[in-house]
2 protein chains.
Amino acid sequence: MRDYYTITELTREFDISTRTIRFYEDEGLIAPIRRGRTRLFRHSDRQLLKNILRGKRLGFSIAEIREIMQMYKNPPGEGGQLRTIVRRVGEKRRELEQKRRDIEELLRELDAAEEACLTRMAELGVAPHS
Amino acid sequence: MRDYYTITELTREFDISTRTIRFYEDEGLIAPIRRGRTRLFRHSDRQLLKNILRGKRLGFSIAEIREIMQMYKNPPGEGGQLRTIVRRVGEKRRELEQKRRDIEELLRELDAAEEACLTRMAELGVAPHS
DNA sequence: TGCCGGATTTACGTAAAAGTCAATTTTTCA
DNA sequence: TGAAAAATTGACTTTTACGTAAATCCGGCA
């Protein structure tokens with residue numbers, strides 16, 4: 001297990017550009033250490049990047065991703081702040097549950113569409129795969 | 001059950017602007033009928049709008065939503081086209097399944113974050129809700 | 001030591017998805 | 001019928017999330 005990843009290693013692993021990674025750094029989502037001017041990414045940085053990309057796949061904006069990341073990087077914090085976090089966790093959870101319902105619905109519709117295609121292909125006497 | 005919806009009824013129901021609806025029309029995603037220049041939305045138009053917004057919530061672009069909608073609006077079609085649709089349905093399904101895994105992961109992390117907050121609050125002797 | 005390839009910085013560019021504004025037009029209904 | 005309210009159109013603007021280009025810098029090595 002290597003100590004550090006270079007920026008290009010990460011661009012290859014996740015199929016994103018260096019510009020994208022630097023952009024996330026500018027946005028304060030990751031903070032790799034430096035040797036001179038060169039960025040060195042720790043395992044934790046790589047993990048954060050993974051989380052960012054997961055958020056992106058789910059359609060969250062940078063601002064939303066930042067907010068989510070702050071939730072589970074909660075510092076000791078004061079009582080009121082903790083309650084705020086708990087409330088926002090609840091909101092995000094509901095949002096994710098809505099997305100999950102959306103996915104289930106869409107999957108059902110895709111199933112129906114596929115079946116309609118296969119039925120029609122059978123009628124036409126077409127082979128199901130190339 | 002009314003025959004038609006006006007544009008403002010839909011903007012209120014779905015909490016979007018008229019500009020957004022007109023934009024979707026320009027993009028060819030919906031095609032309400034006209035009485036004079038005024039748009040009249042049928043139930044099917046409303047349903048399409050619902051589908052569009054579901055796609056948006058899942059982070060799909062307009063282009064992707066258009067592609068998905070073409071899948072289950074598949075016309076009689078010719079054999080090769082049917083196979084193309086079946087293939088693309090498969091791709092979208094895998095994409096959705098990835099999103100579903102992403103959601104499960106994120107939900108687990110939110111659970112952990114919430115629990116950490118609650119534990120900390122108990123230590124501080126703070127009441128769990130306002 | 002001189003060069004080469006990768007990394008960085010700075011700055012401007014851009015596509016997608018609307019928002020905003022102004023000028024009409026249309027509809028409604030008192 | 002006539003004015004207020006609602007809808008339309010077109011043009012321009014904004015925001016987000018990077019892309020791209022140019023200039024610079026740095027570390028290794030022949």
Side-chain angles (χ1 to χ4, degrees), chain A residues 2-42 45-46 48-70 92 95 99 102, chain B residues 2-42 45-46 48-70 92 95 99 102:
Chain A
R2 301 257 317 283
D3 270 358
Y4 298 115
Y5 302 88
T6 70
I7 196 168
T8 33
E9 280 171 346
L10 295 181
T11 64
R12 292 207 185 96
E13 175 174 4
F14 296 115
D15 194 30
I16 53 181
S17 69
T18 59
R19 180 69 181 84
T20 299
I21 293 179
R22 292 196 201 101
F23 174 70
Y24 294 153
E25 183 178 356
D26 285 349
E27 291 293 314
L29 298 182
I30 45 181
I33 60 173
R34 301 284 183 129
R35 184 181 49 197
R37 294 208 304 174
T38 302
R39 292 166 176 80
L40 294 179
F41 296 79
R42 290 151 294 189
D45 293 317
R46 177 173 168 283
L48 283 179
L49 190 51
K50 261 177 126 167
N51 290 353
I52 294 168
L53 297 176
R54 187 182 58 198
K56 289 238 68 189
R57 282 196 299 274
L58 292 175
F60 287 114
S61 70
I62 297 298
E64 288 170 316
I65 291 173
R66 191 185 357 253
E67 205 193 325
I68 293 171
M69 289 172 66
Q70 279 162 6
K92 276 299 162 197
E95 205 172 326
K99 282 183 204 269
D102 288 333
Chain B
R2 303 256 318 282
D3 270 0
Y4 297 115
Y5 303 87
T6 70
I7 198 169
T8 34
E9 280 171 345
L10 294 181
T11 63
R12 292 205 185 99
E13 176 173 2
F14 297 116
D15 194 30
I16 54 180
S17 69
T18 60
R19 181 70 182 82
T20 300
I21 294 179
R22 286 199 310 105
F23 175 70
Y24 294 154
E25 183 178 355
D26 287 349
E27 291 294 314
L29 298 181
I30 45 179
I33 60 172
R34 300 287 183 124
R35 185 179 46 196
R37 296 209 301 177
T38 302
R39 293 165 175 82
L40 294 179
F41 297 79
R42 290 153 292 190
D45 294 316
R46 177 172 168 284
L48 283 179
L49 190 51
K50 259 177 127 166
N51 290 355
I52 294 168
L53 296 176
R54 187 182 58 200
K56 289 239 72 189
R57 281 195 299 274
L58 293 175
F60 287 113
S61 70
I62 296 298
E64 288 170 317
I65 290 172
R66 195 189 349 259
E67 204 193 326
I68 293 171
M69 290 172 64
Q70 279 161 7
K92 277 298 161 197
E95 206 173 323
K99 282 184 204 269
D102 287 333

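Between the P atom of D:dA7 and the OH atom of B:Tyr4 lies a distance of 17 Å, rounded to the nearest Å. Distance, A:Ile52 CD1 to D:dC18 C1': 14 Å, rounded to whole Å. The CZ-C1' distance, from B:Arg39 to C:dT25, rounds to 13 Å in whole Å. Spacing between atom CZ of A:Arg34 and atom C1' of C:dA7 amounts to 10 Å, rounded to whole angstrom units. Across the protein-nucleic acid pair, A:Leu53 atom CG and D:dA17 atom P stand 13 Å apart, rounded to whole Å. What separates CZ of A:Phe14 from P of D:dA17 is a distance of 19 Å, to the nearest Å. Taking atom CG on A:Leu40 and atom C1' on D:dG27, their separation rounds to 13 Å, with Å as the unit. Note: CD (B:Glu27) to P (C:dA18) measures 9 Å, nearest angstrom.
The two residues B:Glu9 and B:Tyr4 make their nearest non-hydrogen contact at OE1-O, 4.1 Å. Pairing each heavy atom of A:Phe41 with each of A:Thr6, the nearest pair is CD1-C, 4.2 Å. In plain terms, the two heavy atoms of B:Asp45 and B:Pro32 that are nearest each other are OD2-CA, 3.6 Å. Contact record, A:Ile62 with A:Leu29: CG2-CD1, 4.0 Å, taken as the closest heavy-atom pair. Residues B:Ile30 and B:Leu49 come closest through the heavy atom pair CG2-N, 4.3 Å.
For the side chain to side chain contact (heavy atoms under 4.5 Å, CB included) with A:Asp102, the qualifying choice from B:Asn51, B:Leu53, B:Leu58 is B:Leu58, the only one to do so.
For D:dT8, neither phosphate oxygen OP1 nor OP2 lies less than 4.0 angstrom from any side-chain nitrogen or oxygen of B:Arg35. For C:dA18, neither phosphate oxygen OP1 nor OP2 lies less than 4.0 angstrom from any side-chain nitrogen or oxygen of B:Ser17. Put simply, B:Thr6 has no side-chain N or O that comes within less than 4.0 Å of OP1 or OP2 on D:dA6.
Side chain to side chain, A:Ser17 and A:Thr20 meet the donor-acceptor criterion of an N or O pair below 3.5 Å.
Of the residues in residues 18-26 of chain B, those placing a heavy atom less than 4.0 Å from an atom of DNA chain C are B:Arg19, B:Thr20, B:Phe23, B:Tyr24, in numerical order. Residues of residues 55-68 of chain A having a heavy atom closer than 4.0 Å to DNA chain C: none are found.
The local environment of CG in A:Asp15 is sparse, with at most 12 non-hydrogen atoms from other residues, nucleotides or ligands closer than 6.0 Å.
The pair A:Arg22-A:Glu25 does not count as a salt bridge, with every side-chain nitrogen at least 4.0 angstrom from each carboxylate oxygen.
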